[in-house]
Amino acid sequence: MSTSHRKPAKPAHRGTHQDAAAKHHRDLLASMLLIRRFEERCVELYSAAKIRGFVHLYIGEEAVAAGVLDALGPVDTVVSTYREHGHALARGVPTDAVMAEMYGKATGCSRGRGGSMHLFDVGRRFYGGNAIVGGGIPLAAGLALAEKMRGGPGVVCCFFGDGAFAEGEFHETANLAVLWGLPLLLACENNLYAMGTPLRVEHGQTDLAMRAASYGMPAWAVDGMDVLAVEDAAHRAVEGIRAGHGPYFLELRTYRFRAHSMYDPDRYRDKAEIERWRARDPVVLLERRMRSAGELDDASYAELDRRCTDEVDRAVAAAEAAPVEPVSDLLRYVVTAAGDLPEAR
Amino acid sequence: MKTVTTTYREALREALREALSADDRVFLLGEDVGRYGGAFGVSLGLVEEFGPERVRDTPLSESAFVGTGIGAAVAGMRPVVEIMTVNFSLLALDQILNNAATLRHMSGGQLSVPVVIRMTTGAGRQLAAQHSHSLEGWYAHIPGIRVLAPATLQDARGMLAPALADPDPVVIFEHGSLYNVSGELTAAEGPLDISSAAVRRSGDDVTLVTYGGSLPKVLSAADLLAEEDISAEVVDLRSLRPLDDVTVMASVARTHRAVVVDEGWRTGGLAAEVSARITEQAFYELDAPVGRVCSAEVPIPYARHLEEAALPQAEDIAAAAREAVGHRG
Ligand SMILES: Cc1ncc(C[n+]2csc(CCOP(=O)(O)OP(=O)(O)O)c2C)c(N)n1
Ligand SMILES: [Mg+2]
């Protein structure tokens, strides 16, 4: 699953065919569990000093990546942030390549130049990994403009946070995208914090969807802990965008269970608040729902979990064994050199 | 060879027209590039000719439209972004430095950013501090982008096509004092090279190194010097990144004296870089310290006499050349 694009899935849970629905739910669960297990391993590897740099965990927010990316197909494009392990994995960037990038190895998806915050995979139309808050939003608009000018079918999905919503780049781009009718999905991951600053301290008006709508695009808020709600909203938005209705905005209400980054002592949140949100763990929510629908039992859950853990184990082993880029290649890829021509186009 | 009489502005426009005609992937975007015809009239008439899809007026949002150009380039288009002036490019610096210049490298060579970003630069029109910057040196500091400064009609006409053919981002600085310069342009000579400096006037006694809007002043200074029997060679850098050290050093090896002329501020500027390279690479050729003529370290003032005093003038350049020649090594 992690090595290819998933087909743009039909919203099977609303359909009548129970087997198809069950399978689809299993895929979503697998997608979320892989992210969870991958990042739990990252914590261990970070403590063991195997991986370094800024590492921003997505744990708690997995339903957003799994649900939104379920609505996208191979012709579509993703632009992400520094908190993008989940987006990359759900998009199908191979777990091996992501882990190797965390290790800074030559086999990493950015050949060791990017690290955790700059994962790229042009073949899967995954255009990074941007660590300037809001910096990817204009870039995504440009990718969408190119798609529109060429009459292509693709939608560009840009992830960013509630903090980024305060940046000028978001507001400038929202206006431009509406003016030009760009095929752009603005996927705002509202996890209630920008580092240590809570939403109400960041924003005079905290209803982000309403503010986005004021630019003249369809915009609404979604329960970002419920993967089925997320995928339903994402499918509707992507349908509208593909039909030529211009940009859409989704405010995905979610929560990160971990600190902002590995450097963050997480002193600004109430433990009780974290516990309240943990009670709505997106993985557990779907798991429970599947169990009560008879789609999952202990054995099948254990099997799924083991497959994710094995995949992460294999990725770690491969990354450990992988070579590093030679220092003699330090200056490669700064500008185009003969033999460095881009692979995608 | 057949020649036409034209201006720097028209030469730029002709280059844009040719690029739009030659390649469907090329489009222009920026504030007032369409209906208004460009703040300096460079794109006048192009929206009528190519339509509003390919000559796109943008809202006032430098970061968004520059970033949009970068994104479209990543997707395989060949956007030409116009930022009205370098002064406003500061609002888009994040996109240029953190996206255009880094994406190829951060992605391990997977992405290519064939965007061209044009902007007007420089002082000399009494526009005061916020509209008179010369920040070419800042951009030339950045690995991952190419920086060009067309100073002649030929370069105004001929640099765009090779810039668009470059798979990496290219920033082109057009000095505001050059747009009305008119002269004869020889008809198409084939593609220009955009990596090398050019000797604009040959001489034996001192090398004057400059670029962009300072070139006419340096040529005037060379005229003044000629009246005093000082023969100055004038090197136009043309490309500010990468710098063509070979042409500069070859000239210094002949004249043994160098003065660098740059409208940017002296401290930490491009002239400092060129001067350092000369001392690193041609130290034993030098018969005099490398001189610098730069803008005074002051926000550019409004009053004409103050502005003139703040900017390098032909007489200042000639004085620096005399001083260099005065050192008998
Ligand atoms: C332009 C910019 N300003 C500040 C930072 C430092 N910084 C990194 S992440 C972050 C918080 C962003 O919050 P949000 O957009 O809500 O995303 P989240 O981290 O919650 O996913 C800040 C301030 C940055 N990287 N870029
Ligand atoms: Mg946030």
Side-chain angles (χ1 to χ4, degrees), chain A residues 77 79 101 106 108-115 117-123 127-132 134-147 149-150 152 156 167-177 179-180 182 325 331-336 340-345, chain B residues 24-27 29 52-54 56-79 81 91-95 97-115 142-146 165-170 241-242:
Chain A
T77 298
V79 175
E101 190 59 35
C109 59
S110 306
R111 294 189 176 139
R113 267 105 175 146
M117 301 195 290
H118 304 299
L119 305 174
F120 287 85
D121 186 341
V122 169
Y127 285 77
N130 205 304
I132 301 299
I137 306 173
L139 186 81
L143 292 160
L145 174 63
E147 191 67 14
M149 289 181 77
R150 290 193 293 234
V156 179
E167 291 281 4
E169 288 186 319
F170 167 73
H171 297 275
E172 289 187 8
T173 307
N175 181 44
L176 189 111
L179 272 171
W180 292 357
L182 300 183
E325 287 275 90
L331 299 183
R332 260 189 100 179
Y333 310 126
V334 176
V335 293
T336 310
D340 273 358
L341 281 173
E343 285 137 34
R345 46 182 91 244
Chain B
D24 282 348
R25 299 172 303 173
V26 174
F27 66 101
L29 71 166
E53 291 286 304
R54 298 189 66 207
R56 306 182 80 98
D57 282 323
T58 66
L60 282 151
S61 50
E62 285 75 11
S63 195
F65 74 74
V66 172
T68 297
I70 292 165
V74 168
M77 302 294 279
R78 293 292 181 277
V81 184
L91 282 79
L93 203 48
D94 168 50
Q95 288 297 321
L97 175 54
N98 280 318
N99 280 342
T102 60
L103 283 169
R104 168 179 301 284
H105 185 258
M106 283 196 310
S107 67
Q110 293 181 80
L111 299 193
S112 195
V113 190
V115 69
I142 304 172
I145 60 177
R146 183 188 291 279
D166 190 323
D168 299 314
V170 180
R241 184 181 191 98

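Labels below follow one simple rule: chain letters A, B, ... track the order of the sequence lines, proteins then strands, and each chain is numbered from 1.
Note that the CG atom of A:Asn130 and the CG atom of B:Asn98 stand 7.5 Å from one another [nearest 0.5 Å]. Distance check, rounded to the nearest 0.5 Å: CG of B:Leu60 to CG of A:Leu176 gives 11.5 Å.
Between A:Asp121 and B:Gln110 the shortest heavy-atom distance is CA-OE1, 3.5 Å. Heavy-atom minimum distance, B:Asp168 versus A:Thr336: OD2-N, 2.6 Å. Between A:Ala146 and B:Ala75, the shortest heavy-atom contact is CB-CB, 3.4 Å. Of all non-hydrogen atoms in A:Tyr333 and B:Arg104, the two that sit nearest each other are O-CG, 3.0 Å. The minimum heavy-atom distance between B:Asp94 and A:Gly135, with the atom names listed, is OD2-CA, 4.1 Å. Between B:Glu53 and A:Met149, the shortest heavy-atom distance links the atoms O-CE, 3.4 Å.
The most heavy-atom pairs under 4.5 Å with chain A, out of B:Pro169, B:Gly144, B:Pro143, come from B:Gly144. Comparing B:Ser107, B:Gly69, B:Gly67 by how many heavy-atom pairs each has under 4.5 Å with chain A, the most go to B:Ser107. No other option in B:Pro79, B:Ala101, B:Ser63 has as many heavy-atom pairs under 4.5 Å with chain A as B:Ser63. Chain A forms the most heavy-atom pairs under 4.5 Å with one residue out of B:Arg25, B:Gln95, B:Arg56, B:Glu62, and that residue is B:Arg56.
Residues B:Met77 and A:Leu145 fail the side-chain proximity criterion, which asks for heavy atoms closer than 4.5 Å. Counting only heavy atoms from C-beta outward, the side chains of A:Val335 and B:Arg146 never approach each other to under 4.5 Å. Under the 4.5 Å side-chain criterion, counting only non-hydrogen atoms from C-beta, B:Met106 is not in contact with A:Met117. No side-chain heavy atom of B:Ser61 sits less than 4.5 Å from a side-chain heavy atom of A:Asn175. Using a 4.5 Å cut-off on side-chain heavy atoms (C-beta onward), B:Leu103 and A:Phe120 make contact.
Both the backbone and the side chain of A:Leu143 have a heavy atom closer than 4.5 Å to some heavy atom of chain B. Contact of B:Leu29 with chain A is made through the side chain alone, with heavy-atom distances under 4.5 Å.
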